[in-house]
Peer 1: 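Can you read through this structure? Questions will come right after.
Both ligands and their constituent atoms are indexed starting at 1 by order of listing. Since this is a predicted model, take the numbers as computed values, not measurements.
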Amino acid sequence: MKPAAFEYHAPESVDDAVGLLSGHEDAKVLAGGQSLVPMMSFRLARPAGIVDINGISDLDYIRCEDGVVRIGATARQSALEESGEVTGCAPLLAEATGHVGHRAIRNRGTLAGSLAHNDPASEYPAVLMALGASVTAVSSGGSRVLSVEDLAGGHFLSTALGSDELITEVSVPAQSGGHGFAEFSRRHGDFAVAGVAAVVSMNGSGVESASIAAFGGTSPARLDEAETALVGSDGGSSAVAEAAARAASQFPATDDIHGSADYRRALIDVLTRQALQQAIAGAQEV
Ligand SMILES: Cc1cc2nc3c(=O)[nH]c(=O)nc-3n(C[C@H](O)[C@H](O)[C@H](O)COP(=O)(O)OP(=O)(O)OC[C@H]3O[C@@H](n4cnc5c(N)ncnc54)[C@H](O)[C@@H]3O)c2cc1C
């Protein structure tokens, strides 16, 4: 099907983009178009206006400054895989990016667009929760910084963003500790049925800190009960098993054509063990 008719705008600055968003009640930002365009083609989305941000060259950057990786809104997902800043400062983000769709999709899709879309099966919102990342959202009224947890947590295919707000930057604190990532999808490149991302740091007596988040449920979720079970433990197999059991019970599982809620909880148990074993092994090498 073809999209319904819409007005097309191609601003060349953030000021012009947010001016257009505030002036058009039913306008949508177009970034990589990898989620918005299919939704428009199926007429699941019928925005009256499109604000195409691809011409705002100031937003196409990835840099690591003062221990923070800063990623502009039009930086492509494929650029994250190739960036020394990302592989060096946030290797969990680089590893997870390889699981997002296929290369052709990552050549157009953006990290900010994925966060704004917030598909519950998407890797990025949960990965960025585990990394403690935040976004800068700009509107004609000013700007604010939201943690990814506040932006995406508890939301289904929506976020805490206002319709007049543009994400201009995603900020990711440099990862401290080892990371783990595990997901299950039926074929490589498909959206995952469920997945887990974790960052763990160790000291001489065991696990010092743990940050665990999961995707594939009703919304991306930070699993703080699993974190509590792990922190202060020796990081051995029984502590990992206890954390995984708590992750499975806290995970907001859902039934759909890809699997039942019980099946997803069982997956989260297994995937949490795998992610934590990888993260703990990595933390022991740091
Ligand atoms: C076949 C296929 C397979 C895929 N597989 C996966 C997968 O396995 N995992 C995965 O995570 N994703 C997957 N995707 C989705 C892909 O990662 C998208 O690129 C991503 O979800 C959206 O990013 P985008 O830049 O294309 O955003 P767009 O499609 O341009 O926009 C998506 C939404 O976000 C809004 N938006 C975009 N940028 C901003 C911004 N800066 N500020 C405010 N709002 C904004 C738009 O208005 C729109 O509502 C797949 C897509 C396809 C087509």
Peer 1: What is the nearest protein non-hydrogen atom to atom 46 (C) of ligand 1, stated with its residue, atom name and distance?
Peer 2: V29 O, 2.9 Å
Peer 1: Which residue is it: M40, E7, H9, H24? I am looking for the one with a side-chain contact (heavy atoms from CB on, under 4.5 Å) to I50.
Peer 2: M40
Peer 1: Quick one: does D119 get a heavy atom under 4.0 Å from ligand 1?
Peer 2: no
Peer 1: Just jot down the ligand 1 atoms closer than 4.0 angstrom to any heavy atom of L166, in number order.
Peer 2: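 Close to L166: 40 (C), 41 (N), 42 (N).
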Peer 1: Taking only non-hydrogen atoms of M39, do any sit less than 4.0 angstrom from ligand 1?
Peer 2: no
Peer 1: Any nitrogen or oxygen of A192 lying under 3.5 Å from a nitrogen or oxygen in ligand 1? Just yes or no.
Peer 2: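 In this structure, A192 places no N or O atom under 3.5 Å from an N or O of ligand 1.
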Peer 1: Tell me whether Y124 reaches ligand 1 (any heavy atom closer than 4.0 angstrom to a ligand atom).
Peer 2: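 Heavy atoms of Y124 never come under 4.0 Å of ligand 1.
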Peer 1: Any side-chain donor paired with an acceptor under 3.5 Å for T254 and T218?
Peer 2: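 Looking only at side-chain atoms, T218 and T254 do not form any donor-acceptor pair under 3.5 Å.
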Peer 1: Got a sec: does the CD of E65 have more than 12 other heavy atoms crowding it under 6.0 Å?
Peer 2: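 Yes, CD of E65 has more than 12 neighbouring heavy atoms, counting only those of other groups under 6.0 Å.
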Peer 1: V100 to ligand 1: N or O pair under 3.5 Å?
Peer 2: no
Peer 1: For ligand 1, which part of D190 has a heavy atom less than 4.0 Å away: the side chain, the backbone, both, or neither?
Peer 2: backbone
Peer 1: Using a 4.0 Å heavy-atom cut-off, say whether T110 meets ligand 1 through its side chain, its backbone, both or neither.
Peer 2: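 Under 4.0 Å from ligand 1, T110 contributes backbone and side-chain atoms.
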Peer 1: For ligand 1, which is the ligand I care about here, please tell me if I167 has any N or O atom under 3.5 Å from one of the ligand's N or O atoms.
Peer 2: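 Right, the criterion is met.
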Peer 1: Quick one: side chain to side chain donor-acceptor pair (under 3.5 Å) pairs with a partner in residues 154-167, sequence neighbours left out?
Peer 2: R144-E165
Peer 1: What residue and atom, counting heavy atoms only, is the protein's closest point to atom 26 (O) of ligand 1, and at what distance?
Peer 2: Q34 N, 2.8 Å
Peer 1: Following the transitive rule for hydrophobic clusters with a side-chain heavy-atom cut-off under 4.5 Å over Ile, Leu, Val, Met, Phe, Trp and Tyr, establish whether I167 and I62 coincide in one cluster.
Peer 2: yes
Peer 1: Pairs of nitrogen or oxygen atoms closer than 3.5 Å, one from E123 and one from ligand 1: do any exist?
Peer 2: yes
Peer 1: For R46, what residues pass the side chain to side chain donor-acceptor pair (under 3.5 Å) criterion, not counting sequence neighbours?
Peer 2: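 Result, side chain to side chain donor-acceptor pair (under 3.5 Å) vs R46: none returned.
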Peer 1: In terms of side-chain geometry, is the basic nitrogen of E227 or R222 positioned less than 4.0 Å from the acidic oxygen of its partner?
Peer 2: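 Yes, E227 and R222 are salt-bridged.
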Peer 1: Tell me, please: is G33 in heavy-atom contact with ligand 1, that is, under 4.0 Å?
Peer 2: yes
Peer 1: Which heavy atom of the protein is the closest neighbour of atom 27 (O) of ligand 1, given with residue, atom name and distance?
Peer 2: G113 CA, 3.7 Å
Peer 1: Return a yes/no value for G109: is any of its N or O atoms, backbone included, closer than 3.5 angstrom to an N or O of ligand 1?
Peer 2: no
Peer 1: With respect to R106, which candidate in R76, E81, Q34 satisfies the side-chain contact (heavy atoms from CB on, under 4.5 Å) definition?
Peer 2: E81
Peer 1: For ligand 1, is any non-hydrogen atom under 4.0 Å from H99's backbone (N, CA, C, O), its side chain (CB onward), both, or neither?
Peer 2: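 Contact part for H99 vs ligand 1: backbone (N, CA, C, O).
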Peer 1: Do L59 and T168 touch side chain to side chain, with heavy atoms closer than 4.5 Å?
Peer 2: yes
Peer 1: Looking only at distances, can you tell me whether any N or O atom of G101, backbone or side chain, sits closer than 3.5 Å to an N or O atom of ligand 1?
Peer 2: yes
